[in-house]
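Notes follow the structure.
Per chain, numbering begins at 1; letters A, B, ... match sequence-line order.
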Number of protein chains: 2
Amino acid sequence: MAVAGDKTQGGTAERILDSAERLVQTRGFSNFSYADVAAELGITKASLHYHFPGKAELGEALITRYAERFSEALDRIDHDLPTARARLEAYAELYAGVLRGERMCMCGVLAAEYETLPGAMRAEVVRFFDENQRWLAQLLTAGQADNTLSFTGPVDETAQNILSTLEGAMLVARPYGDLARFDGARRALLAGLTVTR
Amino acid sequence: MAVAGDKTQGGTAERILDSAERLVQTRGFSNFSYADVAAELGITKASLHYHFPGKAELGEALITRYAERFSEALDRIDHDLPTARARLEAYAELYAGVLRGERMCMCGVLAAEYETLPGAMRAEVVRFFDENQRWLAQLLTAGQADNTLSFTGPVDETAQNILSTLEGAMLVARPYGDLARFDGARRALLAGLTVTR
DNA sequence: GTCTATAGGCAGATAGAC
DNA sequence: GTCTATCTGCCTATAGAC
């Protein structure tokens, strides 16, 4: 069991998830293998099957953990920052951090190969997007109330647009290896939601 | 050789490209096989290798043809429509048409698995994006001149943002199987570029 | 929990007949 | 140009020893 000060090590299952997560975010789900993970951790493929019976189950566990961590990050943003605008900026910064790690959003990658995913993974990808949009919609409503965000369209539609704008910015920026590209998209997004004085 | 009235048939190489193109746009490059294409066309895998020696060469031919057709569509838009705004709307409609065919932009899909692509394909994906951005930048400049488009940031950055916004809208809309989702993103994009009266 | 060994399938690819 | 036949390699997955 994990104890305090356990940051670097973790159990085998966690280390498998860490390795597989990075591989999915950089190469895609169908472009990494048990052999890749096993080699990276210095164990055998058979051991992986002990912790995760099949690739589908591993994939489910990957999204579940990713979504939980993301949700926790959103909770921290809500707790730490006072205005809707500051929260939105922190939200965009979450995505920028992923890109700085030379990764794509996990669910963005999975969306590209959505048709080939096991059913359970498909459902989890959509759930992740839904959760993001729910949080953003609530944020936008708060932004109208505290007068730190301005927008003209419906709340839900605007929330959807924020999500897909950031996903698209990551998707296209990565082939260029250009973080400034993402920053440009982020700047325009925030500018479009700024209250006119 | 292709002759007039040859719309439905085409040579074998063209039919291979048609089949592979649809498969890439729906499943991704690494998620389709020579066996898939062969089965769809009722020929053998060996025949495919006669026309395209390897999957890398087939991939290159796919992007080349896709980019050429896209470029022709852009030329038609320039020729047929008078204002920059009308051209931008037609551009967004190109993407909507792809999504209506239950496909994703080919280069958007390939961007998600960029790290695993052969070098020649990688270069072609970036070239496709560059070509789109070049056309959009020229469009935006024309839009300032004819006063049908308005934007505050730099031309090149705005062009990049239009591209990644549409790519992101397609990427996220497809798992939902929801065309209205894309339309929402398109509407917001165009609204953000509208001249204030 | 981790290992060795191996099964069974599908991938991309080639040789050579027709 | 298209075929049959085959190769090699990697994939996911399992059985069973330790």
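Applying the salt bridge (Lys or Arg N to Asp or Glu O under 4.0 Å) test to pairs two or more places apart or on separate chains, none has a residue in residues 42-55 of chain B. Pairs of residues two or more places apart, or lying in two chains, that qualify as ring pair (Phe, Tyr, Trp, His ring centres under 6.0 Å) and include a residue from residues 42-61 of chain A are A/Y34-A/H49.
Note on ring orientation: taking the six-membered ring where Trp is involved, the planes of A/F128 and A/Y66 are tilted (angle from 30° to 60°).
The distance between atom CG of A/N31 and atom P of D/dC10, rounded to the nearest whole Å, is 15 Å. Residue A/L48 contributes atom CG, which lies 9 Å from atom P of C/dC3 at whole-angstrom precision. Between A/R15 atom CZ and C/dG1 atom P the separation is 13 Å, expressed in whole Å. The NE2-P distance, from B/H51 to C/dG12, rounds to 17 Å in whole Å. Distance OH (B/Y50) to C1' (C/dT14): 16 Å, rounded to an integer number of Å.
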Please write out the pairs of protein N or O atoms and N or O atoms of nucleotides 12-18 of chain D separated by less than 3.5 Å, giving the distance to one decimal.
| unit_1 | atom_1 | unit_2 | atom_2 | d |
| --- | --- | --- | --- | --- |
| D/dT12 | OP1 | A/K55 | NZ | 3.3 |
| D/dT12 | OP2 | A/Y34 | N | 3.1 |
| D/dA13 | OP2 | A/K55 | N | 2.8 |
| D/dA13 | N7 | A/H49 | NE2 | 3.3 |

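Between B/T44 and D/dT2, a side-chain N or O to OP1/OP2 separation shorter than 4.0 Å is absent.
In this structure, the salt bridge (charged side-chain N to carboxylate O under 4.0 Å, His left out) partners of B/E40, at least two apart in sequence or on a different chain, are B/R22. B/T158 meets the side chain to side chain donor-acceptor pair (under 3.5 Å) test with no other residue; sequence neighbours excluded. For A/R187, the salt bridge (charged side-chain N to carboxylate O under 4.0 Å, His left out) partners two or more places apart in sequence, or in a different chain, are B/E157.
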